[in-house]
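Please read all numbers here as calculations on a predicted model, not as lab measurements. Numbering of residues begins at 1 and proceeds along the displayed sequence.
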Amino acid sequence: MIFSIIIPTYNEEDYLPVLLDSIKEQDFDDYEVIVADANSADRTREIAEEYGCKVVDGGLPAVGRNNGAKVATGDILIFLDSDLKLTEDYLAKVLYEFKMEKLGIAITQMLPMSNKIEDKLFHDFANYFMISVEKIKPHGAGCYGIIAKRELHEKCGGYDESLTFGEDTDYIERLAKEEPFKVLRNAKIGVSTRRLEEEGITTLIQQYGKSTVNDFLGKRTDASELNYNFDHGKKKLTTSRFSELEKRTAQLNDIKETYDESVDKIQSMRRQIKSLHRQRNRKVVFYCVCGEGMGHAIRTGVIVDRIKDKYDVYIFSSDRAYQYLSSKFDNVYEIGGFNTVYINNKVNNLKTLSDALKRNPTNIKVGYENLYKKAVQLKPDVIVTDFEIYATMVSKLRGIPLISLDNIHMITQTKIDYPKDHIGEMLKAKGVIKTYVVKPKVHILTSFFYPKVRPHKNAVIYPPIIREDILKLEPKDGNHIIVYQTSRESEKLVKRLKLLENEQFIVYGFNKNEIDGNLTFKEFNEDEFYDDLASAKAVICNGGFTFISEAIHLKKPIYSVPAIGNFEQTLNGFYVQKLGYGEYHEVMSAKRVFNFLKRLPKYQQKLAKVKRTNNDGIVRELIYRIEKYSKLN
């Protein structure tokens, strides 16, 4: 069980059904509801039982919450006041952010169930205040929804039942000393405005203002000091009590004046933001993509297709990646890029450096024209980089939050295993990688292998991003072998496969349609390629991440020949062999391929155990990070 939702009640027959209905309407079902009732005189307890809730005896809020927690089975406790209403996807949003931020205690933000401007402003101010002090003085109340790990609740002894007011803030403060606290940014909860209507904004500010001031002074406030009753609206202010409060009106009105001033500031800030962002309704995302090979472009195509209806996305890339992405999306701009030069399937460092130096002046000019100037013009809220070098420069120059999403940073962010005779290549690769993407807000990593993230690294790992058309394919058992090479220098290596006369090879990557004995060369056509891959009995490739990931997804054994000197490809090939999905060789020979084909059943057995995944998790992660780091937040 993930959630135990605990609701203390007393005479709540009018409000409780609204909350319980909103819980039932959630697109999430791993929860239980516990109602701790303080001997209600109306139908509250009957209603809870009709909805299938666990019902226990309650009392004051602290007693009810503790009694509910004692019978809870969920890993996470959610304490709700009975006059709340869950917004759409509230539980899913709470779970996601609570887990992603590795929290022990949290509250959500309030959304008034009222159309009155003053109600919205009051609750906006309250949310703003809670966020502003979350790192200084963890603070909250039951009307925000309080989320806590059950084991932490038990460790800290639950709510202090001796307190008649402020027991929720005391609880939050104690738990926040043990584990991180945060006001969740995405989950908001509908709040009844009955207390505002019954007692008025001035009285509420007097009550909670005094309580808050006391909290910051380290004092606890008793309910009798504030005329607070758990049974809302049943007892009114007496004449003598009102006279006492009236004597302090001048002092307490200062709190209201501060509130009014804060509302003005919030409204002013909002007007400025709207002006700066041309009153746009959607955030602007710059997506910068490495132009080398096709893996970065294919991955970006999948992600952009999933987020383009939510954000205004502008894509920047070079070479083949630019051509591919511009054929699929609007707002794609060409910038300069660097490509690795291969000779005889080996990285030629001297030629790579020489070409980079020749192209650098043009690259910088084009990068400036199409990326920096667009950033000035469009004021992006965030930049996402898939290993593209100019994104870092523009991010730093313009102060725009940077998010890294790629597979290459597995090398710098995780404790990888690798062939020890390639340590020189590994160190060189780390150095290059660190210059491409500098200090992003987070590294979102995609990988088919899962080493531990290094200590103090802000990184998360998700399964490979797979094209939607590949996800829809059903693997078949055919007789041919797919050969996928992207370097024209590899053609002479492929020719060696002609020695295996009894095998049929379909070869992609050389941009030609031709039959040469048992080799069938094909120009790239997505539909035809998908069918050939789905029905192949095995694949032969370099160490490219995207193709290897798609082969693993379709349970196809892999013979990997990484380009010599390309550590990322070497690492991918190494893990193919380490995980039992196929073999990794530094050269292609007919004899080794022949032996590999004889061992296919062994690799198929390993691949059969690989769980099929989809792209939902990493898309949710990216959206969450865009919202978190966006300049509009």
Side-chain angles (χ1 to χ4, degrees), residues 1-10 31-39 48 53-82 84 91 94-95 97-99 101-108 130 133-184 187 189 208 211-226 228-230:
M1 182 77 67
I2 294 179
F3 287 131
S4 290
I5 301 171
I6 299 167
I7 309 166
T9 59
Y10 180 66
Y31 65 81
E32 62 180 355
V33 180
I34 302 166
V35 171
D37 186 62
N39 197 26
C53 306
K54 289 183 183 178
V55 180
V56 298
D57 290 335
L60 287 173
V63 174
R65 290 170 182 151
N66 284 340
N67 288 352
K70 287 174 186 175
V71 300
T73 60
D75 296 329
I76 300 172
L77 308 177
I78 301 182
F79 298 101
L80 301 177
D81 284 357
S82 55
L84 304 178
L91 294 178
V94 165
L95 178 62
E97 192 168 357
F98 194 81
K99 290 285 189 181
E101 297 291 337
K102 299 178 181 177
L103 303 175
I105 176 74
I107 62 173
T108 49
M130 291 301 181
V133 301
E134 67 180 356
K135 293 182 180 178
I136 305 167
K137 189 77 171 175
H139 201 67
C143 55
Y144 287 88
I146 299 174
I147 304 101
K149 289 163 65 173
R150 180 159 60 97
E151 62 181 6
L152 182 61
H153 170 92
E154 293 169 353
K155 176 183 175 181
C156 295
Y159 288 83
D160 186 344
E161 297 179 9
S162 69
L163 297 176
T164 57
F165 190 87
E167 77 291 335
D168 29 28
T169 288
D170 170 77
Y171 176 77
I172 290 169
E173 287 180 359
R174 286 187 290 109
L175 271 64
K177 290 177 182 177
E178 302 294 329
E179 295 193 22
F181 164 81
K182 186 177 180 183
V183 181
L184 302 185
I189 196 158
Y208 289 104
S211 171
T212 300
V213 169
N214 284 349
D215 286 338
F216 274 78
L217 293 174
K219 300 177 183 178
R220 288 289 169 241
T221 308
D222 190 86
S224 61
E225 297 178 59
L226 305 174
Y228 173 84
N229 293 285
F230 182 37

For [X] versus [Y], what's the shortest heavy-atom pair and its separation?
X: E167; Y: D160; answer: CB-O, 4.1 Å
X: A72; Y: L77; answer: CB-CD2, 3.7 Å
X: T169; Y: G140; answer: OG1-O, 2.7 Å
X: F181; Y: P138; answer: CD2-CB, 3.7 Å
X: T108; Y: A187; answer: CB-O, 3.4 Å
X: I34; Y: S4; answer: CD1-CB, 4.4 Å

Close side-chain approach of [X] to [Y], heavy-atom, < 4.5 Å:
X: L163; Y: L60; answer: no
X: K155; Y: L175; answer: no
X: V183; Y: Y144; answer: no
X: L103; Y: L184; answer: yes

### Summary
Hits for salt bridge (Lys or Arg N to Asp or Glu O under 4.0 Å) against E101, two or more places apart or cross-chain, chain-then-number order -> K182, K628
Between [atom1] on residue [X] and [atom2] on residue [Y], distance to nearest 0.5 Å:
X: H153; Y: K70; atom1: NE2; atom2: NZ; answer: 8.5 Å
X: I6; Y: K54; atom1: CD1; atom2: NZ; answer: 9.5 Å
X: D170; Y: C156; atom1: CG; atom2: SG; answer: 10.5 Å
X: K177; Y: I172; atom1: NZ; atom2: CD1; answer: 13.5 Å
X: T9; Y: D81; atom1: OG1; atom2: CG; answer: 11.0 Å
X: I105; Y: L152; atom1: CD1; atom2: CG; answer: 7.0 Å

### Task
Check whether more than 12 heavy atoms from other residues, nucleotides or ligands sit under 6.0 Å from atom CG of N39, and answer yes or no.
no
### Query
Is there a donor-acceptor contact under 3.5 Å from the side chain of R150 to the main chain of G74?
yes
### Message
Between E32 and T73 (side chain of the first, backbone of the second, donor and acceptor by atom type, cut-off under 3.5 Å), is there such a pair?
### Response
yes
### Task
Decide yes or no on side-chain contact (heavy atoms from CB on, under 4.5 Å) for V94 and F3, but give the supporting numbers first.
CA-CA 10 Å; V94 165; F3 287 131; 4.0 Å; yes
### Message
Determine whether R65 and D168 satisfy the following criterion, side-chain contact (heavy atoms from CB on, under 4.5 Å), listing intermediate values before the conclusion.
### Response
CA-CA 10 Å; R65 290 170 182 151; D168 29 28; 4.0 Å; yes
### Parallel, tilted or perpendicular, as decided by the 30° and 60° cut-offs, for the rings of F79 and Y159
perpendicular
### Task
Given side-chain contact (heavy atoms from CB on, under 4.5 Å), test L91 with I2 step by step and report yes or no.
CA-CA 10 Å; L91 294 178; I2 294 179; over 6 Å; no
